[in-house]
Amino acid sequence: MSPVELTAPVVAANDVGEAPWREVALSDDEYALIVDLLGRAPRPVELGMFGAMWSEHCGYKHSRPHFHMLPTEAPWVVQGPGENAGAVDVGDGLAAVFKVESHNHPSAVEPFEGAATGVGGIVRDIFTMGARPVAILDSLRFGPLTGGRNRYLFENVVAGIGGYGNCLGIPTVGGEIAFDSSYDGNPLVNAMCVGVVARDELMRARATGTGNLIILVGAATGRDGLHGATFASVSDPEASHRGVVQVGNPFLEKLLMEACLELLRGDDVVAMQDLGAAGLTSSLVECASRGDVGAEIDVALVPRRETGMNAYEVMLSESQERMLLVIRPGGVERVRDIVERWSLDATVIGRVTDDGLVRVRDGAESVVEVPAALFTDACPTYTPDAAEGPDAAARRAVDVDAMVLAATAGETATDTLLRLLGSPNVGSREPVWSRYDHTIQTSTVVSPGAGDAAVVRLRGTGRALAISLDCNARLCYLDPYEGAMQAVAEATRNVSAAGGRPLGITNCLNFGNPRLPAGAFQLREAVRGMADACRALGVPVVSGNVSLYNQTGDEAVLPTPTIGVVGVLEDVRRHATIRWEAGDTVILVGSDHVGFGGSEIAALAGQVAGAPVPIDLGLEGRVQSAVRSLVERGLVRTAHDRGLGGLAVALAEMAFASDAGFTSEGGLPDGGSTRSWFGEGPSGILIAVPGTGLDAVLASLGDGEMLSRSLGTAGGGRLTFGDRSVDLAMARDVWRHALSNTER
Amino acid sequence: MGSGTTGDHGSDQMWSVQVTVMPKPGINDPQGEAIRGGLRSLDHAGVVSVRAGKSLRLMVAGESREAVEREAALMCDRLLANPVIETYEIHVEPVGDGEGSG
Amino acid sequence: MGSGTTGDHGSDQMWSVQVTVMPKPGINDPQGEAIRGGLRSLDHAGVVSVRAGKSLRLMVAGESREAVEREAALMCDRLLANPVIETYEIHVEPVGDGEGSG
Amino acid sequence: MIAIVTFPGSNGDADALHAVRDDLGAPARLVDYRETDLSGFDAVILPGGFSYGDALRCGAIARFAPVIEPIRAFAARGGPVLGICNGFQILTEAHLLPGALRRNATLRFHCRWVHVRVESATTAWTDTVEAGTVLRLPVAHGDGSFVAGADVLAEIEANGQVVVRYCEPDGTVSAASNPNGSAGAIAGVANRAGNVVGLMPHPERAVDPLLGGEDGRMILRGVLERTHVAS
Ligand SMILES: Nc1ncnc2c1ncn2[C@@H]1O[C@H](COP(=O)(O)OP(=O)(O)O)[C@@H](O)[C@H]1O
Ligand SMILES: [Mg+2]
């Protein structure tokens, strides 16, 4: 059943009196389509289920039409998009299972619990596939820290992520943080989780086998987050927030995780699905429709935390820490024994049928009887007309060079550097990641702050995973196609710089209102850019998530396609960090083409403007493999990509991590101008090489006709750029307090 | 920032303010559930439910009980309680010679 | 594990038990100090001191107020309060028809 | 054979098992919190984690797990017991060790490497290390501020029950090197007999240079070598 293509949806009128479907954010046309497909009017619980399953969050109504562009295949892909998470083969018979997900709207309402339940949800997506979670990363975006509310959101989101992840005993090993006024009132909280499982033990969420039992395991059901999934689709989350805020219980999730992983070692479990947005509704429907079977449950059997809950509330409750299992009837006792040993309950609530229908009873009364496919495949999609915002071209045409040169006219290079190091978008992230347990599971080889990607060893093998989560949303704002390409390039570059070979990509599309032409344009162009970069760099997309309507009035957030990458290192010992040794020669490998379009220095000078330096994906691929090969062969142990703030900031970050300074020795095209030091641009990686290995490295780079330029020498107690220099310890102090000194 | 009603408290009476902040009814309360489980495993079978919250004891200078009660409510709305998931109760008693009972 | 006094609570009255656990005087209380700092930075200059502790609301079945008070004290001594660093207060009220005020 | 106890919510049990069994080669296995027979074991380790979700107080509920009384008896017989982080908190709640662990002075969870100075080389877990040795170990906790009444503190110091103290890399004790406001910069204490030790730093996370350091071996090796008998 192909999705029905509707024209433009009728925006839900505010008077819901005689149109109950508006209560669940369905448009009049969508309601008419449901009546047509059912051949009758939907009953109340059915309407609630349609409202949840046809929400933007679950139905991907405005994003699904673009997914065909994305490359999802490669010889090492074990599971592509369509399941709870994607999986890639990482050798030694193991698969890495991973995904990134957003919890933006709940975090705007209650930051601690919103972020905490975001971690809980993404971790469940991983162990529901039978994989042991080994790493969490988080990507966070807020309005400027000068605002009291933004500081409150920032502190509590970080506390929530740490509070949940630390309790689960899964190391939080990396991520990113960015600040921009477009995130005022619309923070972005994306959480990524990576797990590991034996390749042939990967569990799917496809209910099969008529008569198999449907079991609910974990927390009791309450009125948490009722309509959580739908409220993310209505443009103003505050106004429509009705549900009770979801409060997470990491202790219960730890028991649930261990119980599920133990259950999956036996063969009683046929399918497993976590309960996330839209709770029991979406997990029951997903299980049934993926397995082309039916499912019949009785909500009266569902254990409840509160009295007087009706069928509607039980089917749509978003209480956390619950799992749906499909098991063979003969396995009930074995399953119950394991679950109860972990102090949990397992309740049989129904069984698998073969008629493709989702049937829900409340005791004797039938309340739902709908073909599963109507909730999933029949969900309408929209491709409203897309057009770039009227001021986008003018924004790209702003003369940022003049703007920056004017702003830095009275400054020396080191004054400019100190200003950048003190900016919240550049300063040290230690105040954040030092609140996350990143040494639990004793496998973190490259910790947060130590390298461009986190490196986590695979115990019992000589291998390791390299993981990164990145996006420069400013470039996507100025040019969604170019920006999304560069987001994929930066995330894969970080993995390559650590010595890893990128295998798969997960992405979270955080965008504004897709019904507006500018929003529709940003979404389509970003997916197109992401697809082209994935294809050119040979890294398929294996999972992802979409969060739209991140908008207040007509100001949308910067279009933010966060890109998570998982790569593999054949030999964990052959990895690179950003630490150099005194005496090392520092070499820039790859492009030295930089500019101020969308740069941090331009933003500090006044606005996010100018055209980003365009990427040559061919060169990007060659630079990544050149540096990866040097690391794999043990010739290089230090590599750091040129990111926000340009070369000078990248060199300073390396110096801080090594407690050894840097002295420039010419080598820059225009003698060390503001542009060459602080300009930003893709496809540039700094490496540091001890004298003994220099010839072999230069020879290797020469063979690959790879542009490389020696910039200077590591060591000493100062950062010296041309004729200007600054004390290392003083500069590091400015950099260390960037996130806190805005606390007025 | 509105200034508190007790700007200058030279001559004011001292008050003991008991603020109790509890999770809203209906909101999941993992702490309370874990404590309930702990008590029942110690054979306190009569314990039907437990809700866990915060207890704050403040010493506040103020002109009158009403002024201090108003200020305490302002403090709860602004900082001490999270209105999204918590409710609060305030109990004010004079301190010093006129110390009320309880 | 000693057995609780309210084993069978079929016919028993339901009681609301308020347990307040506070840090012992003299023991450092970083949470109380942080809250005090926060309130003063919001211009609540009248706040002299803050102590932060736990508030536990239990629903307990029991024959009499005294029996429930005795059991609550036992629960505090064994679990709810750590005598090294905390003190506790208990307040018991009947629930249901005979609901006392306050 | 070493027993590593798993409470509901423990998350450092697997790490302790890998360190003791795989990295240090001593026989060890996980033991459920409902186990009541510890007769076959030479040492007991209570690992890190968030037993019972740290509800009420860290370790407050775990203290009543069935395995605690057998551990008390095992300790009374002089058996070596090591509580790491949450394990240390459980041992204080069970009154097998003096004092209590309260919220960090910064009110925040901290995960980083610290230095500690070995103060007592006579406990079962430090008798192969020289007093004054400085070890570099990772900490990861939110409730690690050691506190006790003035009398108890004085007693602990006088009896040499302070096992390790937070310090600078050169061994000097300073405010800056104290990550959580612990009284006397105390990072670990022992009972009077010296066979029961509690540590906030994680020795099991410091047994492999690939992961940042191996000073944790110096805490674990003493007991493990003595139990490394054919079993
Ligand atoms: N929200 C976060 N959670 C955990 N680690 C983070 C977070 N933000 C940044 N980090 C870590 O801090 C270090 C510096 O961050 P960033 O400046 O983004 O690095 P880079 O410049 O290499 O992209 C990196 O190791 C990154 O993984
Ligand atoms: Mg980054």
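Order of the sequence lines fixes the chain letters, A, B, ..., with proteins taken first and strands second; residue numbering starts at 1 for each chain. Keep in mind that what you see is a predicted model, and the values were worked out from it rather than measured.
Side-chain contact between C:Q31 and B:K54: absent, with no pair of heavy atoms (C-beta onward) separated by less than 4.5 Å. With a 4.5 Å cut-off on side-chain heavy atoms, C:M59 and B:V50 do not count as touching. B:L39 is not listed as a side-chain neighbour of C:R78, based on a closest heavy-atom distance of 4.5 Å or more. Between C:R57 and B:M22 the shortest side-chain heavy-atom distance falls below 4.5 Å.
The distance from the CD1 atom of B:I35 to the CG atom of C:L58 is 8.0 Å, given to the nearest 0.5 Å.
If you measure heavy-atom distances from C:L79 to chain B, the contacts under 4.5 Å come from the side chain alone. Both the backbone and the side chain of C:S49 have a heavy atom closer than 4.5 Å to some heavy atom of chain B. Interface remark: C:E89 contributes side-chain atoms only to the contact with chain B (heavy atom separation under 4.5 Å).
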Worked check of side chain to side chain contact (heavy atoms under 4.5 Å, CB included) between C:L56 and B:R51: CA-CA 6 Å; C:L56 301 171; B:R51 292 185 71 67; over 6 Å; no

